[in-house]
Amino acid sequence: MNAIVTVIGRDRVGIIAAVCGKLAELNVNILDITQTILKGNFTMVMSVDAGKANVEFDQLATALEKLGEQMSLSIRIQREEIFDAMHRI
């Protein structure tokens, strides 16, 4: 199952390493990363393969949200089909 992880926050060191580390811990493969820093605001969009994750999708979403809270970030994951449908409207 492919999914899109979106990370939004302030420009700070360690965001990519922390998110990639959490995904690796949960056995989620990263397919692609795009990042933008504009006036101190950081946005990262990751395409991931969560098909072999060690947890269910809801648990994966919760783990990423907890990481976001710890780092003062917004981290969300959506199934790719939902993400694509939203952008076609």
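Counting begins at 1 with the first residue of the sequence. Quick note: numbers below take in every heavy atom, side chains included, and nothing from hydrogens, waters or symmetry partners. Since this is a predicted model, take the numbers as computed values, not measurements.
In the hydrophobic clustering of this structure, F57 does not group with I4; members are Ile, Leu, Val, Met, Phe, Trp, Tyr whose side-chain heavy atoms approach within less than 4.5 Å, directly or through other members. Hydrophobic clustering (ILVMFWY, side-chain heavy atoms < 4.5 Å, transitive): M71 and V28 are in one cluster. V55 is connected to I30 through a chain of hydrophobic side-chain contacts under 4.5 Å among Ile, Leu, Val, Met, Phe, Trp and Tyr, so both are in one cluster. Cluster annotation: L31 and L26 are assigned to distinct hydrophobic clusters (Ile/Leu/Val/Met/Phe/Trp/Tyr, side-chain heavy-atom contacts under 4.5 Å, transitive).
Here salt bridge (Lys or Arg N to Asp or Glu O under 4.0 Å) pairs that include residues 19-30, with residues two or more places apart or in two chains, are K22-E25. For residues 32-44, the set of pairs meeting the side-chain hydrogen bond (donor to acceptor under 3.5 Å, both in side chains) definition, not counting sequence neighbours, comprises R10-N41. Sequence neighbours left out, not one pair with a member in residues 49-58 passes salt bridge (Lys or Arg N to Asp or Glu O under 4.0 Å).
Every side-chain contact (heavy atoms from CB on, under 4.5 Å) that I37 has, sequence neighbours left out, goes to D11, F42. Residues passing the side-chain hydrogen bond (donor to acceptor under 3.5 Å, both in side chains) test with Q70, sequence neighbours excluded: none.
Considering T6, L67, I8, I15 in turn, L67 is the only one that fulfils the side chain to side chain contact (heavy atoms under 4.5 Å, CB included) rule with I75.
Looking only at side-chain heavy atoms (C-beta outward), V7 and I16 stay at 4.5 Å or farther from each other. For the pair R76 and Q78, the minimum side-chain heavy-atom distance is 4.5 Å or more.
Of all the heavy atoms in G9 and L73, the pair that sits closest is CA-CD2, 3.7 Å.
Within the model, atoms CE of M1 and CG of L60 stand 7.0 Å from one another, a figure rounded to the nearest 0.5 Å.
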